[in-house]
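The structure appears right after this line, and notes come after that.
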Amino acid sequence: MSKLTFGKAKQEEIPELWTGKTTILDVLAPSSVDNGSRDYIVVDGIYHSYLYIAGYGYRTKNEAAWLSPLVEAGDNIGISFTFRKMPHDKILSRISQKTMLNRSRMREVDDTRQDFEELDSAISAGFYLKDGMNRDNQDFYYMSTVIEITADDAEDLERRVTDVMTLCSSMSMVAKRADYKHEQCFLSSLPTLSIDSDIERKARRNVLTDSLAASFPFSSFEIYDSDGIFLGLNKYNSSIAILDIFDSDKYSNANGCILGMSGAGKTFLMQSLALRLRMQGTQVFILAPIKGHEFADACYTVGGKYLRIAPSSKDCINIMEIRKKSLFTDYEIKTDTRDDSILAEKLQKLMIFFSLIKNDITQNELNLLDGAVIRTYNKFGITFENASLFDGKGNFKRMPTLKSLYEELLSKEETKPLALIIEKFAVGSLSAFGGETNVDLNNKYIVLDISEMTDHLKPLGMFMALDFVWDKAKESRIQKKVIFLDELWTLIGASSNRLAADYVLEIFKVIRGYGGAAFAATQDIGDFFSLDDGKYGKGVINNSRIKFILQLEEDEAFAVQKYMSLSDEETMQIIRNQRGEALLCANRNKVCIEIKASPLIYSILTTKRSDLEKRRKINGTV
Ligand SMILES: Nc1ncnc2c1ncn2[C@@H]1O[C@H](COP(=O)(O)OP(=O)(O)O)[C@@H](O)[C@H]1O
Ligand SMILES: [Mg+2]
């Protein structure tokens with residue numbers, strides 16, 4: 001309207017107020033303030049009360065981060081510091097004068113008089129300040145501390161104020177109520193550097209640069225990596241914990257492990273990490289040796305691929321397959337293909353595979369198998385030359401399967417007995433594993449469920465799954481990827497197979513070179529550290545820069561303390577941890593974190609019986 005009536009130029013002359021336009025101040029300012037009480041002001045319905053630390057009310061000797069108990073006292077408590085730097089020369093000459101004056105007065109004062117002590121300490125304070133400023137070239141500041149306490153009602157507020165005053169006096173600090181001055185304190189604690197002069201006068205304390213630095217209230221109990229993923233809240237100070245496992249400046253490798261007793265929240269944490277990494281575009285593999293179904297919902301929700309490796313499954317990964325992409329690992333960075341023989345590498349892996357099928361396999365049998373495998377590949381036209389993997393037209397050749405190997409073994413008298421070893425894969429109960437790969441593996445979220453394999457077949461299933469994952473992981477050195485291994489104790493614990501355990505450890509050692517990370521979760525710490533004197537458990541821990549320790553039983557916590565050199569306090573923290581709480585050790589930083597998930601993610605991940613029951617009711621399938 002105004003534009004039509006007055007034209008553009010005139011419109012600008014109208015005061016902003018008339019136009020009814022909302023200004024930034026309108027948005028920032030509270031809509032109501034009630035300052036009618038001695039004890040508090042009410043801003044937008046929230047009760048605010050203020051304390052200040054009296055100028056004389058500080059301790060004289062303090063260690064670093066001595067104010068952190070106040071900062072970490074909890075929600076609804078805020079602290080604002082104001083520091084005013086004073087001109088060096090003026091202050092120095094004033095201190096000198098004052099100290100001189102005090103010294104001359106001191107001569108007249110009898111040492112039995114009460115103010116003798118006061119004068120004496122004033123003089124030594126003067127010397128201390130002069131010394132710091134002159135010799136160490138420190139600056140002189142006035143510091144004032146105002147504490148803000150908020151609550152929803154007056155009663156709650158009063159309780160909190162008393163708590164904070166008690167806390168302060170336990171730290172030998174004198175906190176005073178800012179009676180009738182709460183409004184001024186409210187304004188003083190806004191980040192506008194405008195402390196009320198009366199409050200400043202009462203709360204003022206002189207400090208030198210050293211002491212100022214020590215009053216920085218945060219010790220390094222923080223994890224906040226700028227490109228990381230959200231983990232939850234820091235329990236010390238409720239700050240947000242964000243971890244970037246791939247920040248190689250901070251963490252020399254991206255591997256991690258999650259320790260905790262059953263039900264402590266390992267799988268929950270693992271899947272939260274996996275989902276958040278996936279959202280950032282990281283390739284995720286999850287290997288589930290038990291309770292694989294726990295991973296299904298999340299996998300389907302993000303459009304992932306869920307593979308069941310089980311005798312009854314239709315999904316098949318051909319253990320003999322050489323994958324085309326393994327040829328090009330370095331292609332992205334060096335633009336040439338690898339020159340070591342891929343078949344030789346495959347042979348090594350197949351030998352582990354045979355040892356897993358037959359625990360007491362002899363060297364002679366392995367030699368015979370070696371020859372048979374090579375002949376089988378030869379039949380498909382594949383030799384130790386990498387070029388032989390392609391046919392004349394540049395197509396990748398078909399791959400032999402365990403069935404082809406079985407036929408080869410049968411065809412020669414001396415290898416016939418060996419055919420028995422793999423018979424069940426070719427024609428028997430495990431023939432699901434003997435065919436060609438029939439699953440599409442190009443997905444950024446792949447879960448490999450081997451939980452249906454019986455105990456003695458588990459290392460085998462694990463090996464097949466890991467072999468595939470490892471191959472995929474090696475396809476690129478640039479694409480970020482994480483391999484998650486749940487319930488790792490089943491794979492490297494006392495009852496498992498050394499070759500399989502070696503293979504896992506190898507992954508932890510080498511994956512960094514392929515731009516990846518391995519993350520393991522385990523319970524049963526005793527078992528985890530038992531095979532070969534704990535070689536594998538220790539190996540995994542030592543190759544993990546990042547460790548989450550959830551709740552543990554006392555004896556397990558003390559075992560972990562030994563392996564990870566935790567302090568007594570940290571060990572007690574682990575024992576006290578509730579479900580979903582973890583001590584995170586990332587490099588030398590140790591932080592206690594409450595792992596958090598959004599309600600949606602929680603509903604997908606939870607396995608609590610009560611939650612499942614609710615879900616069933618909502619779905620209406622009671
Ligand atoms: N951070 C968490 N926040 C909320 N609930 C959790 C959290 N961690 C675990 N839980 C609950 O505890 C249950 C058991 O956790 P889970 O991860 O399966 O334990 P674990 O794998 O250590 O045996 C989960 O299904 C979930 O309901
Ligand atoms: Mg679990």
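In what follows, every heavy atom counts, from backbone to side chain, and hydrogens, waters and symmetry copies are set aside. Order of appearance sets the numbers: ligands from 1, and atoms from 1 within every ligand.
Residue contact annotation: A597 has no non-hydrogen atom under 4.0 Å from ligand 1. Using 4.0 Å as the threshold, Q271 has no heavy atom nearer than that to any atom of ligand 1. Assignment of G263 to the shell around ligand 1 is supported, since a heavy atom sits closer than 4.0 Å.
Remark: the backbone N or O of L566 is paired with a side-chain donor or acceptor of Q561 at under 3.5 angstrom. Judged purely by atom type and a 3.5 angstrom limit, K481 uses its side chain to pair as donor or acceptor with the backbone of Q479. When atom types are taken as modelled, the side chain of T282 and the backbone of R278 share no donor-acceptor pair closer than 3.5 angstrom.
The 12-atom threshold is not exceeded at CD1 of I240, counting heavy atoms of other residues, nucleotides or ligands nearer than 6.0 Å.
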Report all side-chain donor-acceptor pairs from residues 435-446 shorter than 3.5 Å, counting only partners two or more places apart or in another chain.
from : atom 1 : to   : atom 2 : distance (Å)
E436 : OE2    : R398 : NE     : 3.2
E436 : OE2    : R398 : NH2    : 3.2
T437 : OG1    : N318 : N      : 2.9
T437 : OG1    : E321 : OE1    : 2.4
N438 : OD1    : C316 : N      : 2.8
N438 : ND2    : K314 : O      : 2.8
D440 : OD1    : N442 : N      : 3.1
N442 : OD1    : K472 : NZ     : 3.3
N443 : OD1    : Y445 : N      : 2.8
N443 : ND2    : G303 : O      : 3.0
K444 : NZ     : G281 : O      : 3.0

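Judged purely by distance below 3.5 Å, without hydrogens or angles, the side chains of Y251 and D225 pair a donor atom with an acceptor atom. Between the side chains of D611 and T606, at least one donor-acceptor pair of N or O atoms lies under 3.5 Å. Of the N and O atoms on the side chains of D153 and Y47, not one donor lies less than 3.5 Å from an acceptor on the other residue.
Within ligand 1, counting atoms from 1 as listed, the ones closer than 4.0 Å to a heavy atom of I595 are 1 (N), 2 (C), 3 (N). Residue Y602 approaches ligand 1 through these ligand atoms, each under 4.0 Å from one of its heavy atoms: 4 (C), 5 (N), 27 (O). Annotation for ligand 1: atoms under 4.0 Å from non-hydrogen atoms of K608 are 25 (O), 27 (O). In the vicinity of S262, heavy-atom distances shorter than 4.0 Å reach the ligand 1 atoms 23 (O). Those atoms of ligand 1 with a heavy atom of T606 less than 4.0 angstrom away are 25 (O), 26 (C), 27 (O). In summary, the atoms of ligand 1 found under 4.0 Å from a heavy atom of M261, numbered by their order in the structure, are 22 (O).
Among pairs with a residue in residues 346-356, those fulfilling salt bridge (charged side-chain N to carboxylate O under 4.0 Å, His left out) read K346-D467, K349-D467, K349-D471, at least two apart in sequence or across chains.
Every N/O-N/O distance between K596 and ligand 1 stays at or above 3.5 Å. Distances between N or O atoms of T267 and those of ligand 1 include at least one value under 3.5 Å. Remark: ligand 1 and E294 share no N or O pair separated by less than 3.5 Å (distance only, no angle test). Between E487 and ligand 1, no N or O atom pair is found at a separation short of 3.5 Å.
Within a radius of less than 2.8 Å around the Mg ion (ligand 2), the protein N, O or S atoms are T267 OG1.
Taking NZ of K509 as the start and CG of N253 as the end, the distance is 12.5 Å to the nearest 0.5 Å.
Nearest to atom 17 (O) of ligand 1 among the protein's heavy atoms is F268 N, 2.8 Å. Here the heavy atom of the protein found nearest to atom 19 (O) of ligand 1 is G265 N, 3.2 Å.
Within the 4.0 Å heavy-atom criterion, the part of R579 lying near ligand 1 is the side chain and not the backbone.
Checking each of R308, K291, K458 against E452 for a salt bridge (Lys or Arg N to Asp or Glu O under 4.0 Å) leaves exactly one that passes, namely R308.
By the side chain to side chain contact (heavy atoms under 4.5 Å, CB included) test, Q578 is found to be paired with E581, residues two or more places apart in sequence or in another chain being considered.
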